[in-house]
4 protein chains.
Amino acid sequence: MSDEQEMVPRKKPRQRRAQETVEALLTATAQLLDEEGYEQLNTNQIARRAGVSIGSLYQYYPNKEALVFALVERLADRQYAIVKEKFAEMVELPVEEVAREIVVALLEIRQLEPELNRLLSEQLPRTAQFGKLRGWLERLHGLVSAELRRRHQEIRPPAPEIAAYVIVYGMHGIIEQMGMDKEGEVDHGQLVREVSEMMTRYLSKRSSDDETNAMFG
Amino acid sequence: MSDEQEMVPRKKPRQRRAQETVEALLTATAQLLDEEGYEQLNTNQIARRAGVSIGSLYQYYPNKEALVFALVERLADRQYAIVKEKFAEMVELPVEEVAREIVVALLEIRQLEPELNRLLSEQLPRTAQFGKLRGWLERLHGLVSAELRRRHQEIRPPAPEIAAYVIVYGMHGIIEQMGMDKEGEVDHGQLVREVSEMMTRYLSKRSSDDETNAMFG
Amino acid sequence: MSDEQEMVPRKKPRQRRAQETVEALLTATAQLLDEEGYEQLNTNQIARRAGVSIGSLYQYYPNKEALVFALVERLADRQYAIVKEKFAEMVELPVEEVAREIVVALLEIRQLEPELNRLLSEQLPRTAQFGKLRGWLERLHGLVSAELRRRHQEIRPPAPEIAAYVIVYGMHGIIEQMGMDKEGEVDHGQLVREVSEMMTRYLSKRSSDDETNAMFG
Amino acid sequence: MSDEQEMVPRKKPRQRRAQETVEALLTATAQLLDEEGYEQLNTNQIARRAGVSIGSLYQYYPNKEALVFALVERLADRQYAIVKEKFAEMVELPVEEVAREIVVALLEIRQLEPELNRLLSEQLPRTAQFGKLRGWLERLHGLVSAELRRRHQEIRPPAPEIAAYVIVYGMHGIIEQMGMDKEGEVDHGQLVREVSEMMTRYLSKRSSDDETNAMFG
DNA sequence: CATGAATGAGCGTTCATTCAT
DNA sequence: CATGAATGAACGCTCATTCAT
């Protein structure tokens, strides 16, 4: 249906003025995506808002998908870069702080561009063409799996992939909802503490291995 | 642009033949939503696929949003009905089993119509117009909050709303990802056990009350 | 480049008013082809001239090629029908009258719709997509070959295919030019006589077989 | 729309590098005319194929018509030059050889650049703007008329203009079709002999002067 | 009520052409 | 003179919607 080629920019901007044109197009795309939604988004409108002729738009992007894809790609790449960096700093920390660090890192990432994040996850279909939007979660899952495997003696959960899955996608569900909350509806500070607590408890060897029986002794 | 009125069917089908027409339209809508995506969806195509004239389609639905909205509404209502029923059964159970029951209930709900669920959460924007798609989560959050408040003496977390938030949206994040997993990629049985463990531990009074500091003494 | 499908009408007009729409479109196509040329021809203009909405045009024809193709096809079919009929009448005639009859028939055919004929052969590219425009000449070549073979004892030329080729395409070249002549530039009556003479002489067994030597004894 | 001025190159290339640019543009034009057809032809594409910037193209030609016109003009001029030369050699020959010589000359001309010839007569509209493409035929008609008038005592046909018309356009029709034949479909050697025979017989005083009636006594 | 022909606003996209660098 | 970024008129075509039959 939509070739890989259709997602790819048509030509790289070489001159500075071309770079500015591209920047204006992406900014306008983000704005209109917010105001109108993905479906109503259209190239004529984007060009007008960007103060650029429709012809120039088509010099650089073959269609609106490609523009949105560029937005997604930029964001995903920046977010994954941050995740990787955080993980490098994490190797030295005790496991209980790791849990909290992941929570904080995911929040920070979301805060990097909260509007764009909200926008893209609200408006875009979660289809293959925008896989990168969620794709960085898979990469994060890989990192967390590896880290948990490295620390398997310090933690409880048997299979690192499963534990990482629960942590990454569970936290993502919470954070995504936080991104949709209206101001003051929920206390995000408290939420962060509770999410950390949940993750820490989940990873902890303490408590009991035989779960509920021991829980309420 | 999308008034509340625009979402509402034009008239209720009274005769049986009319009921069949509506059914055919909704089935065709679901099929084409899957095959083409929300954006490409169009009324002429839906009518053709349903074996119904375009004029007849407009007898029952004023536009394509209304068709999709009907799909969403049906599903959301059926899902919330199940949730309420489960909760009625839950009041008698010990708290640790409540956690597990919620997990199981959410999975069951997702399994009710897994394809339609995947379809709708993949293809539709998460905007106000399709709020019902996520809206039942809010209602679930209300139910869980109430239940946790009722049991606040049995559990650890201080604020029931916060705890319910963490549980509901965390689990939803995990289950949504499970819905996207390819066959055999992850062991869903193990996942269910681990998610239950996580929720149970999170609610448990044991371990530490003063959070992580006390956890690893 | 251009699929066979692209040439084919989208749907057959069933109702009378649809038939009128199609007729108006083809008439407008012919007019504008004359006024503007094939390259400048465009669907919006055709629809406007036909007094029909652009949407209706696209209900019946997928693009301008298909419209022009329909024009070509109609003409080619009518012309070939005439040729076949003429040939049926010709079987009884002596060979020298056959030559004249072919000349007259080709002229009549051209006179059937002289403007449309001029138009199409002036404006259209002689590519595969409009092959039918010249295609009927091939069919005519087949008929003439067969007739000459049937009469091979009455005529001179050794190979009927070659003779038919010379006659058909030679005459076509002359008639095509006649179609382009401005009024009064050349005496078409005289031309017809001379062309007949040429063809008759060409087919005749008389004169000499060893050509030029005997010609001017 | 297409002023005479629009057909004319903007400036003559003086330096050698400029001459190469023009050459590259015309070569690219011919290639793309073949690959895409006249309608799809466009200046951006021509410039790209020629390895020249679009700005440079517009230094030399004001539009795509001018490029194609240049191609036509070159060919027409070269072809007419050959015709004139042939005719100069022809004045001494006996009339029967003249007929054969014209056939041979027309074939040679067509063979001069068979691809370009096929291309241009296939792809271009036969309208005033490319009149030169057929225009040399008119000039040829003039030459043949004059030659036949000069020799009117040696030949049969009453009016030299009519005879020249029949000969020139008849032969052109045959030769044009030969240019479209697929390899091996028809024996071109035999065709040339038969065409010569036809023309010779047509011009010959023998046989009958009073046309067909006398032919088969 | 069902049908499907007709409508036309409006988005998608191209490409001839200009002009600052 | 060459370059190629930018322009925007204008054509291609779809699809939601209406309405006569």
Side-chain angles (χ1 to χ4, degrees), chain A residues 10-11 13-22 39-48 51-65, chain B residues 6 11 13-15 17-18 21 40-48 51-67, chain C residues 10-11 13-22 39-48 51-64, chain D residues 6 11 13-15 17-18 21 40-48 51-66:
Chain A
R10 287 194 160 170
K11 66 173 168 187
R14 298 191 188 288
Q15 302 180 10
R16 190 162 55 79
R17 115 186 118 134
Q19 186 55 48
E20 285 163 10
T21 297
V22 164
E39 200 189 2
Q40 307 303 326
L41 196 65
N42 75 67
T43 51
N44 285 315
Q45 201 184 16
I46 292 171
R48 203 179 321 120
V52 151
S53 81
I54 183 63
S56 291
L57 185 152
Y58 279 96
Q59 296 240 348
Y60 299 107
Y61 296 98
N63 47 47
K64 78 169 174 184
E65 280 78 21
Chain B
E6 300 273 353
K11 59 176 157 191
R14 302 203 181 281
Q15 300 175 14
R17 202 171 53 141
T21 299
Q40 306 304 327
L41 201 64
N42 74 70
T43 51
N44 285 317
Q45 199 184 14
I46 292 171
R48 203 179 322 123
V52 154
S53 79
I54 182 67
S56 295
L57 183 152
Y58 277 92
Q59 293 273 340
Y60 297 108
Y61 296 97
N63 50 44
K64 80 169 172 177
E65 278 77 22
L67 280 155
Chain C
R10 287 194 160 171
K11 65 175 168 187
R14 300 191 186 287
Q15 303 180 8
R16 190 163 53 80
R17 113 186 118 137
Q19 185 56 47
E20 285 163 11
T21 298
V22 164
E39 198 189 2
Q40 306 304 325
L41 197 64
N42 75 67
T43 51
N44 286 315
Q45 201 184 15
I46 292 170
R48 203 179 321 123
V52 151
S53 80
I54 183 65
S56 292
L57 184 153
Y58 279 97
Q59 296 239 349
Y60 299 107
Y61 297 97
N63 47 47
K64 78 169 174 183
Chain D
E6 300 274 351
K11 59 175 154 190
R14 303 202 179 282
Q15 299 175 13
R17 201 172 53 142
T21 297
Q40 306 304 326
L41 201 64
N42 76 69
T43 51
N44 285 317
Q45 199 185 16
I46 292 171
R48 202 179 323 121
V52 155
S53 78
I54 183 67
S56 294
L57 183 153
Y58 278 92
Q59 292 275 339
Y60 298 108
Y61 296 97
N63 50 44
K64 79 168 173 178
E65 278 78 21

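Within every chain, numbering begins at 1; the chains are lettered A, B, ... in the order of the sequence lines, protein sequences first and strands thereafter. Fair warning: this is a prediction, and the values are worked out from it, not measured in the lab.
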Measure the OG-CD distance between A:S53 and A:Q59 for me, rounded to the nearest 0.5 Å. 8.0 Å

DNA chain F nearest-nucleotide lookup for C:S56 and D:V52: closer to the 5′ end is D:V52

Quick one: are A:I54 and A:T43 in side-chain contact, heavy atoms under 4.5 Å? yes

Rounded to whole angstrom units, what separation is found between the CD atom of B:Q40 and the P atom of E:dG12? 11 Å

Integer-rounded Å distance: F:dA16 P and B:L67 CG: 10 Å

Tell me which nucleotide among F:dA2, E:dA2, E:dA6 gets nearest to the side chain of B:Y60. E:dA2

I want to verify a distance call: between E:dT17, F:dG8, E:dA6, whose nearest atom is closest to the D:T43 side chain? E:dT17

Any strand is fair game: report the nucleotide pairing with E:dC11 by Watson-Crick or G-U wobble, both distances under 3.5 Å, or none. F:dG12

Determine the minimum heavy-atom distance between D:N44 and D:N42, stating which atoms define it. N-OD1, 3.1 Å

In whole Å, I'd like the distance from the CD atom of A:Q19 to the P atom of F:dA5. 12 Å

Once you round it to whole Å, what is the distance between C1' of F:dA16 and CD of C:Q59? 13 Å

Can you tell which of E:dA2, F:dT17, E:dG12 lies closest to the side chain of A:Y58? E:dG12

Taking any heavy-atom pair under 4.0 Å as a contact, classify C:I46: base, sugar-phosphate, or nothing. nothing

Which of E:dC15, F:dC11, F:dC15 is nearest the side chain of C:N42? It is F:dC11

Which residue, D:N44 or B:Q45, contacts DNA chain F at a nucleotide closer to its 5' end, judged by nearest heavy atom? D:N44

Write down the distance between OH (A:Y61) and C1' (F:dA6), rounded to a whole number of angstrom. 16 Å

If I take atom CG in residue B:L57 and atom C1' in nucleotide F:dT17, what distance separates them, rounded to the nearest angstrom? 11 Å

Rounded distance in Å - CD1 (A:I54) to P (E:dG10): 16 Å

Is the shortest side-chain heavy-atom distance between C:Y61 and C:V22 below 4.5 Å? yes

Of the candidate nucleotides E:dT3, F:dC13, F:dA5, which contains the atom at the shortest distance from the side chain of A:A18? F:dA5

Would you call C:E39 and D:K64 a salt bridge, using N to O less than 4.0 angstrom? yes

Distance, rounded to the nearest Å, where D:R48 contributes CZ and F:dA5 contributes P: 12 Å

Across every strand shown, the nucleotide meeting Watson-Crick or G-U wobble geometry with E:dG4 (both distances under 3.5 Å) is F:dC19

